[in-house]
Q: 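Below you will find the structure I want to go over with you.
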2 protein chains.
Amino acid sequence: MKKSILFVLFVLVGWYSISAQQNISFDNPQAKLSPIVNQDNSVSFRLYAPNAQVVTLRGDWMAPEIKADLMKGDDGWWTYTSQPLQSDMYIYTYDVDGTQIIDPLSVFQVRDVNSLFTLFYIDGENGDYYQVQDVPHGSVNHRWYKSDVLDADRRMTIYTPPGYENSSKDYPVLYLLHGSGGDEDAWSTLGVAPRILDNLIAQGKAQEMIVVMPNGNPSKQAAPGETSENLAYIPAMSHTMPGYNNGKYEESFAEIVNFVDNNYRTKPQKESRAIAGLSMGGFHSLYISANMPNTFNYVGLFSPATRVRGSEGNDVEVYQDMDRKLSNQNKNGYELYWIGCGTDDFLYGEIEEFRNKMTSLNIPYEYIETDRGHIWSNWRNYLIEFTQQLFHE
Amino acid sequence: MKKSILFVLFVLVGWYSISAQQNISFDNPQAKLSPIVNQDNSVSFRLYAPNAQVVTLRGDWMAPEIKADLMKGDDGWWTYTSQPLQSDMYIYTYDVDGTQIIDPLSVFQVRDVNSLFTLFYIDGENGDYYQVQDVPHGSVNHRWYKSDVLDADRRMTIYTPPGYENSSKDYPVLYLLHGSGGDEDAWSTLGVAPRILDNLIAQGKAQEMIVVMPNGNPSKQAAPGETSENLAYIPAMSHTMPGYNNGKYEESFAEIVNFVDNNYRTKPQKESRAIAGLSMGGFHSLYISANMPNTFNYVGLFSPATRVRGSEGNDVEVYQDMDRKLSNQNKNGYELYWIGCGTDDFLYGEIEEFRNKMTSLNIPYEYIETDRGHIWSNWRNYLIEFTQQLFHE
């Protein structure tokens with residue numbers, strides 16, 4: 001018995017050490033559980049940088065202007081422990097003497113615009129929705145469609161709920177739009193929408209639905225690295241790219257709805273369609289739903305931009321005559337017009353102005369105000385709230 | 001005119017600087033094109049680390065034991081320029097005073113087992129197959145299936161070729177298996193199989209086919225971060241995990257084939273099925289195809305392990321009586337039995353032994369020998385070679 005265990009160990013160790021000379025991939029002895037979530041939900045970070053002078057940490061649970069200082073130990077390891085954190089998904093980076101890096105001890109990272117961040121979860125409440133649970137899982141598909149309006153093949157991400165492939169049912173559709181910093185991958189990575197839906201559906205809190213996550217940057221076919229620009233497409237905010245707020249993307253949206261209705265078993269009518277988005281995606285949801293005023297029964301604006309930016313949108317029909325369009329949308333009827341905003345959001349005033357306009361036009365909407373600002377923590381939370389209200393027949 | 005341009009700039013800059021106080025994501029001023037591929041295909045790297053003492057670089061174009069030293073400039077930037085490189089996809093990391101990091105100037109990274117690497121391409125030959133070209137793109141789907149043999153829901157990645165969704169045709173299927181360090185994401189990330197297929201199909205060099213990339217780690221349901229272990233599943237080599245080479249995965253493969261035939265428009269017969277894999281996936285391909293001896297018309301072993309490792313596989317029927325099984329497979333007939341190996345591969349001797357066995361049994365196979373070792377550069381290249389030979393009717 002002992003002999004055979006020794007033999008196994010020999011073979012495994014033998015393979016490992018030999019193959020480590022063949023593929024540079026699998027010899028990072030540093031990979032370990034990091035950061036460490038403590039029992040009180042404080043979080044401990046550590047970084048080995050024996051010659052660094054200043055090491056700081058930025059995490060999205062901290063006020064934006066704050067950087068936490070790590071303390072250097074005699075052994076070259078820098079450490080920091082946060083205060084106890086609420087249940088959520090969090091991201092952070094280190095700054096080592098002026099260079100921003102992700103945690104070398106973890107491989108779990110996510111890109112937001114032009115930065116990578118290491119991620120972790122705090123269990124208990126919302127954080128449980130953002131993690132994989134032992135429940136049935138939907139499918140996540142990366143797929144291309146043709147836009148004649150934008151004259152390009154374009155990539156989208158589509159979630160189909162558990163059981164979609166094994167039924168002949170038709171499903172309602174949520175169109176879920178990203179912000180100026182995002183692309184068709186944002187809601188499935190930073191937004192963990194597929195997991196939120198898996199978990200809400202498993203608990204019977206949300207209806208089974210298809211979630212369509214298109215790319216909202218009209219000058220780009222797909223996310224950075226997924227276009228024929230390849231690595232030359234350095235991620236940037238959409239509002240720094242051409243075509244932002246020129247009305248073409250909003251105009252092209254009918255192509256997306258047609259594509260989805262033609263390629264998936266949808267319920268292809270207003271009663272079974274929702275559109276929602278964050279920031280720029282809230283802007284898109286607002287203007288698209290108003291210009292297709294009998295298409296969506298549910299509208300969700302998460303920290304939405306509401307004003308047209310730049311001059312490309314001057315004289316563009318999509319953005320004009322909005323009082324009449326919104327009133328018309330209201331007259332046609334909808335089940336829910338939902339607005340969410342954080343008290344510290346830099347768009348707070350702009351959103352308040354829009355709400356006042358809606359009130360003065362006697363157009364009903366639901367409004368949720370949370371604390372904090374223009375952040376994914378709010379947007380994931382809004383998705384949990386919004387999706388539970390959809391498609392009850 | 002000038003006035004309106006200034007106005008646009010003001011609005012954009014205004015939004016950016018304000019929103020940067022709201023979402024920590026989009027203020028990495030360091031993100032830029034990195035590394036720089038020079039005109040002669042040498043590659044220049046740079047890293048800001050003003051207080052570091054030793055900065056080295058490991059790249060998968062270098063001999064495995066080599067680390068390149070970066071030189072420090074007076075401005076705190078460390079630099080290194082490689083020799084000219086052949087067209088390929090490459091990955092690298094830095095080591096800064098003992099800590100392994102990816103390039104802080106790039107967001108384009110890929111995970112291999114427990115390490116992240118920054119990636120780049122050299123254009124011209126194979127590297128062109130690994131990048132996105134202006135050609136029609138297939139779909140990449142992440143999907144779960146039920147395995148009764150392994151008693152688990154399990155995740156797989158499935159590529160369907162351009163046009164799949166808009167036709168009523170039936171398609172042949174390539175089952176493409178990862179190595180001990182991989183999972184269901186390996187062939188679509190490090191292996192860029194979807195791009196290779198998109199590009200070969202567009203050039204008329206490969207037939208349209210479905211590519212199924214399952215998870216070959218029997219004790220894991222999915223890739224790290226995609227199971228209900230969430231971040232506690234620190235990536236590890238499969239041969240360090242339970243169930244490795246106990247025969248259960250091979251036994252479960254019939255479930256995968258049935259799932260695919262039941263859920264996709266396949267040609268559900270031997271003539272239209274191929275199975276291939278690298279290292280452990282080559283092992284799986286060898287034993288699965290021999291144990292399902294009339295199921296696959298094409299077998300591809302890329303740097304395959306051929307011997308059973310560990311003691312779990314003792315007395316397991318799947319691994320026994322292989323001379324008879326292989327002879328039976330040969331008698332049933334197949335179109336192609338393809339083996340690829342690098343001259344420096346640590347499995348070279350083991351693969352030679354297997355080839356000798358095949359020769360002595362009078363079982364035909366095709367053998368390609370390349371330079372270098374047990375590396376993705378070879379496996380991507382083998383995929384290019386192998387797929388062009390599939391499904392010619």
Side-chain angles (χ1 to χ4, degrees), chain A residues 4 8 11-12 15 18-19 21-26 28 30-31 48-53 58 60 64 97-101 104 107-108 111-116 131-134 137 139-144 165 181 225-228 230-231 234-235 237 239 263 309-311 346 373-375, chain B residues 4 8 11-12 15 18-19 21-26 28 30-31 48-53 58 60 64 97-101 104 107-108 111-116 131-134 137 139-144 165 181 225-228 230-231 234-235 237 239 263 309-311 346 373-375:
Chain A
S4 78
V8 178
V11 170
L12 297 183
W15 183 328
I18 295 171
S19 58
Q21 296 172 25
Q22 298 280 339
N23 184 331
I24 69 166
S25 10
F26 39 81
N28 180 4
Q30 297 165 334
Y48 184 69
N51 297 308
Q53 296 299 310
R58 283 190 316 145
D60 67 349
D97 292 339
T99 288
Q100 180 178 309
I101 63 169
V107 297
F108 297 108
R111 179 180 62 79
D112 195 357
V113 201
N114 58 19
S115 292
L116 297 176
Q131 296 180 74
V132 180
Q133 307 295 344
D134 281 323
H137 303 299
S139 299
V140 178
N141 198 11
H142 302 285
R143 186 161 171 190
W144 294 73
E165 292 95 346
E226 300 290 346
T227 77
S228 59
N230 291 290
L231 309 191
I234 298 165
M237 301 291 288
H239 63 263
N263 283 274
R309 258 103 180 152
S311 61
F346 77 103
H374 206 70
I375 51 176
Chain B
S4 79
V8 177
V11 170
L12 297 184
W15 183 329
I18 295 171
S19 59
Q21 295 171 24
Q22 298 280 337
N23 183 333
I24 70 166
S25 7
F26 39 80
N28 181 4
Q30 298 166 334
Y48 184 70
N51 297 309
Q53 296 299 309
R58 284 190 315 145
D60 66 348
D97 291 338
T99 289
Q100 180 177 310
I101 64 170
V107 297
F108 297 109
R111 180 179 62 80
D112 195 358
V113 202
N114 58 19
S115 293
L116 296 176
Q131 295 180 74
V132 180
Q133 308 295 342
D134 281 323
H137 303 299
S139 299
V140 178
N141 197 11
H142 303 284
R143 185 161 172 191
W144 294 73
E165 292 94 347
E226 301 289 347
T227 77
S228 58
N230 290 290
L231 309 191
I234 298 165
M237 302 291 287
H239 62 265
N263 283 273
R309 259 101 182 152
S311 61
F346 77 103
H374 205 70
I375 51 176

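Chain A is the first sequence line, chain B the second, and so forth, proteins listed ahead of strands; every chain is numbered from 1. Any value given below was found using the heavy atoms of this structure, including those in side chains, with hydrogens, waters and symmetry copies removed.
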Q: Looking at B/V140 and A/N141, what are the two nearest heavy atoms and their distance?
A: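 Smallest interatomic distance, heavy atoms only, reads O-OD1, 3.0 Å.
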
Q: At their closest point, which heavy atom of B/R143 faces which heavy atom of A/S139, and how far apart are they?
A: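 Nearest heavy atoms, B/R143 then A/S139: CG-OG, 3.5 Å.
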
Q: Select one option (side chain, backbone, both, neither) describing which atoms of B/N263 are under 4.5 Å from chain A's heavy atoms.
A: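 The answer is the side chain of B/N263.
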
Q: I need the minimum non-hydrogen distance between A/V132 and B/T227, along with the two atoms involved.
A: CB-O, 3.3 Å

Q: Considering only heavy atoms, which portion of A/D97 lies under 4.5 Å from any heavy atom of chain B: side chain, backbone, both, or neither?
A: both

Q: Answer with side chain, backbone, both or neither: which region of A/Q131 has an atom nearer than 4.5 Å to a non-hydrogen atom of chain B?
A: both

Q: Between A/S228 and B/D134 (side chain of the first, backbone of the second, donor and acceptor by atom type, cut-off under 3.5 Å), is there such a pair?
A: no

Q: What orientation do A/H142 and B/H142 show, parallel under 30°, tilted 30 to 60°, or perpendicular over 60°?
A: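 Taking B/H142 first and then A/H142, their aromatic rings stand perpendicular (interplane angle over 60°).
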
Q: Taking all atoms of both residues into account, what is the closest heavy-atom pair of B/Q53 and A/N51, and its distance?
A: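 Looking at all heavy atoms of both residues, the closest pair is CG-ND2, 3.0 Å.
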
Q: Within the side chain of B/T99, is there an N or O that forms a donor-acceptor pair under 3.5 Å with the backbone of A/Y48?
A: yes

Q: Locate the shortest heavy-atom distance separating B/P235 from A/F108; write the atom from each residue and the value.
A: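 Closest heavy-atom pair between B/P235 and A/F108: CD-CZ, 4.4 Å.
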
Q: Considering only heavy atoms and a distance below 4.5 Å, find which of A/Q133, A/E165, A/R111 pairs most often with chain B.
A: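 Winner by heavy-atom pair count: A/E165.
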
